Amino acid sequence: MAEKVRVRFAPSPTGWLHLGNARTAIFNYLFARHHGGEVVLRIEDTDRERSKKEYEEALLEDLRWLGVEWDEGPDKGGPYGPYRQSERLEIYRKYAQKLLESGHAYRCFCTPEELEAERERAKREGRPYRYSGKCRHLSPEEVERYLKEGRPYTIRFRVPDGRELVLNDLVKGEVRFNVDDFGDFVIVRSDGTPVYNFVVVVDDALMKITHVIRGEDHLSNTFKQMLIYEALGFPMPKFAHLPIILGEDRSKLSKRHGAVSVRQYRFDGYLPEALFNFLTLLGWYPKDGKEILSKEELIERFDITDVHNAPAVFNREKLYWMNGVYIREVLDLDDLTDRVLEYLRNYSEHLDAEDRKVAEKILDFPREFVREVVSKVRDSFFTLKEFPKRAKPFFVDDFEPSEEARKHLQKVGTETARKVVELFLEKVRSAETFGGEEFKKLAKEVAKELKLKPGVVFKTLRVALTGETQGVALDLLVDLIGKERTVGRLESFLARLK
RNA sequence: GCCCCCGUCGUCUAGCCCGGUCUAGGACACCGCCCUUUCAAGGCGGAGAUCGCGGGUUCAAAUCCCGCCGGGGGCGCCA
């Protein structure tokens, strides 16, 4: 690979960044960086019907959030711009003209109705549809006349007969295809806008793309593009077609399968590093089997020829687990704290009403305190979204006991519960210092004096202190909230018992 | 319908190119035990794959060859 590697990621701004596209972007990025190459971001907005400006913004934002970087693009420019296809129309027009002049393409005056009829006939006769090539042999005079009449026309590429093309795909290997299997295809629409198969070639060639890495759904189309490369005399890039991502039912991952956009995972409290890492493992695997890898480690290990060629099913469970690994093991405490705070500040609308209230409380506390809480509970939440639930006891002093908590009280008996809490409260009050260690000691004393099992005492205190029957270790909790708040909670518990 | 791609535990996959070291390895999920004031995390262990099926080549096949089946994708004036 003597020349500098240049890859591109070319999304259409028709919606939020899809997981499949995100993975394609990641693989492009990893490949380029591994080879010290460059990444180009190009917006494919030639479909004016569906393309929306706000989606383009969203796309860039999602990509940045994920951690995919690019060197040239609509936002930062570069030597081969513009990077938005809608701004390159003049260029395409020029190359279409070139193709027309060299005879590789011709004008087609067939109306949509005529084409529809052709399609119908093919279907009826049970043969695959292919454009008949009706306009292929129009005489220059006829063309002239139609043009004068102002008839709308498309420009079609003249597909040579009987050519077998061989593609050496970096992941699929050798793929052969006979171009007779498709008819002369449209490269410029009747409204003058160019079509995908044509513009990708022009753009990739002009932008000096050396490796085209994209989804497998483009495999068949690659042969059309190879024809255009030839006709225009452009050097052929290398191709790599990634297997697509499937949903649990083994059909192409789509909205039916639930959350499929990067944005949605962000709202759900996922970390970009975890998503990035996870997506990387869909169709590729590091040789040493190490699954939790930083971007740098990924760049170092990534090899496009090792990409698996069977489609992969998106396993949400494993992503969830991996996000947990990043929360409890990968990020350092300060970083994690900032992420939690940032999520609570900006995405609380995605929390349920109860958690939102907790979130507001949390934001009232000093960062230092939140940081301490995070360090105590990071082992028990898997997404940022779950933080309020796990951390609630540290922040909320007035709470309603849960169903389970009430049941526990019933089981132990109100009187016993009262005794436990009263005795404990008394001991806390008279204690000179009170923290996690003292908590354990005093609770055990209570158990001994009341002849109760330690488990019963702890659970009762948990109910009194948090209104729940499970959660963080109580010594960690009281250690942080301190004597005053502990006493306060016990008092209101007693008051509530009456 | 035609063309193309694919097929190892439920899922992600290692191994396949260079047949034996594979009684097929790892991870998620699952089950059990341990730790423990509970949940979670963690530690240890377990179950789970006749390598899609059938034939062939070979002393030997997940690995090579052929056929079949199954799944997916593409066949547009979408990208």
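Sequence lines set the chain letters: A, B, ... in the order given, protein chains first and strands last, and positions in each chain run from 1. Given the structure is predicted, the values throughout are model-derived calculations rather than measurements.
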Given [options], the nucleotide with the shortest approach to the side chain of [X]:
{"X": "A:Lys318", "options": "B:C28, B:C4, B:U13", "answer": "B:C28"}
{"X": "A:Arg156", "options": "B:C77, B:A79, B:C12", "answer": "B:C77"}
{"X": "A:Leu115", "options": "B:C75, B:C12, B:C77", "answer": "B:C77"}

Pairwise [atom1] distance for [N] and [M], with rounding to whole Å:
{"N": "B:C4", "M": "B:C68", "atom1": "P", "result": "13 Å"}
{"N": "B:U50", "M": "B:C6", "atom1": "P", "result": "23 Å"}
{"N": "B:A24", "M": "B:A41", "atom1": "P", "result": "29 Å"}
{"N": "B:C22", "M": "B:U63", "atom1": "C1'", "result": "11 Å"}
{"N": "B:G72", "M": "B:G26", "atom1": "C1'", "result": "27 Å"}
{"N": "B:A27", "M": "B:C69", "atom1": "P", "result": "38 Å"}
{"N": "B:C18", "M": "B:G73", "atom1": "P", "result": "32 Å"}
{"N": "B:C64", "M": "B:C77", "atom1": "C1'", "result": "47 Å"}

Taking atom [atom2] of [N] as reference, at what distance in whole Å does atom [atom1] of [X] sit?
{"X": "A:Asp306", "N": "B:C16", "atom1": "CG", "atom2": "P", "answer": "11 Å"}
{"X": "A:Asp184", "N": "B:C77", "atom1": "CG", "atom2": "C1'", "answer": "14 Å"}
{"X": "A:Lys172", "N": "B:G74", "atom1": "NZ", "atom2": "P", "answer": "13 Å"}
{"X": "A:Leu319", "N": "B:A27", "atom1": "CG", "atom2": "C1'", "answer": "14 Å"}
{"X": "A:Asp181", "N": "B:G76", "atom1": "CG", "atom2": "P", "answer": "12 Å"}
{"X": "A:Phe185", "N": "B:G74", "atom1": "CZ", "atom2": "C1'", "answer": "14 Å"}
{"X": "A:His308", "N": "B:A14", "atom1": "NE2", "atom2": "C1'", "answer": "10 Å"}
{"X": "A:Ile245", "N": "B:C12", "atom1": "CD1", "atom2": "P", "answer": "11 Å"}

Under 4.0 Å, heavy atoms only, any strand: does [X] hit a base, just the sugar-phosphate, or nothing?
{"X": "A:Glu317", "result": "sugar-phosphate"}
{"X": "A:Ser12", "result": "sugar-phosphate"}
{"X": "A:Val472", "result": "base"}
{"X": "A:Asn221", "result": "base"}
{"X": "A:Pro112", "result": "base"}
{"X": "A:Leu474", "result": "base"}
{"X": "A:Gly455", "result": "nothing"}
{"X": "A:Phe177", "result": "sugar-phosphate"}
{"X": "A:Leu282", "result": "sugar-phosphate"}
{"X": "A:His218", "result": "base"}

Original post:
Cut-off 3.5 Å, side chains only: do A:Arg214 and A:Thr24 have a donor facing an acceptor?
Top reply: no
Original post:
Using a distance-only test with no angle check, is there a side-chain donor-acceptor pair under 3.5 angstrom linking A:Tyr196 and A:Asn221?
Top reply: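 No, because no side-chain N or O of A:Tyr196 sits under 3.5 Å from a partner of the opposite role on A:Asn221.
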Check for me whether [X] meets the cation-pi criterion with [Y], that is, NZ or CZ under 6.0 Å from the six-membered ring centre and within 45 degrees of the ring axis.
{"X": "A:Arg151", "Y": "A:Tyr146", "result": "yes"}
{"X": "A:Arg156", "Y": "A:Tyr131", "result": "yes"}
{"X": "A:Arg107", "Y": "A:Tyr153", "result": "yes"}
{"X": "A:Lys224", "Y": "A:Phe182", "result": "yes"}

Original post:
Where each residue is assigned the nucleotide of RNA chain B containing its nearest heavy atom, which of A:Tyr196 and A:Gly283 is assigned the position nearer the 5′ end?
Top reply: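 With A:Tyr196 and A:Gly283 compared, the 5'-side residue is A:Gly283.
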**OP:** Nearest-nucleotide wise, let me know which of A:Val175 and A:Ile244 is further upstream toward the 5' end of RNA chain B.
**Re:**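 Whichever sits nearer the 5' end wins; that is A:Val175.
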Subject >> Close aromatic pair by centroid cut-off 6.0 Å: A:Phe27 and A:Phe302 >> reply: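 A:Phe27 vs A:Phe302: aromatic centres under 6.0 Å.
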Original post:
Do other residues, nucleotides or ligands put more than 12 heavy atoms under 6.0 Å from the NZ atom of A:Lys290?
Top reply: yes
**OP:** Assess whether atom NZ of A:Lys376 is packed by more than 12 heavy atoms of other residues, nucleotides or ligands within 6.0 Å.
**Re:**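 Check passes, neighbour count above 12.
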**OP:** Name every residue in residues 309-316 of chain A that has at least one heavy atom under 4.0 Å from any atom of RNA chain B, in order of residue number, or write none if there are no such residues.
**Re:** A:Asn309, A:Ala310, A:Pro311, A:Ala312, A:Val313, A:Asn315
**OP:** Answer yes or no: is there an ion pair linking A:Glu273 with A:Arg339, defined by an N-O contact shorter than 4.0 Å?
**Re:** yes
Original post:
Hey, what do you get for CG (A:Leu336) to CG (A:Leu331), rounding to the nearest 0.5 Å?
Top reply: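 With rounding to 0.5 Å, CG (A:Leu336) is 5.0 Å from CG (A:Leu331).
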Original post:
Checking ring-ring contact (aromatic ring centres under 6.0 Å, His included) against A:Phe278, which of A:Tyr270, A:Phe314, A:Trp284, A:Tyr326 comes through?
Top reply: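 Among the candidates, only A:Phe314 passes.
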Mate of [N] where both pairing distances stay under 3.5 Å, Watson-Crick or G-U:
{"N": "B:C69", "answer": "B:G7"}
{"N": "B:C30", "answer": "B:G46"}
{"N": "B:C2", "answer": "B:G74"}

Original post:
Looking only at N and O atoms, is any donor in the side chain of A:Ser220 or the base of B:C3 less than 3.5 Å from an acceptor on the other one?
Top reply: no
**OP:** State which residues pass side chain to side chain donor-acceptor pair (under 3.5 Å) with A:Glu164; sequence neighbours excluded, sorted by chain then number.
**Re:**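 Here the qualifying residues are A:Arg176.
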**OP:** Using a 4.0 Å cut-off on protein heavy atoms (strictly under), produce a 5'-to-3' string for nucleotides 40-45 of chain B with B for base contact, S for backbone-only sugar-phosphate contact, and - for none.
**Re:** BSS---
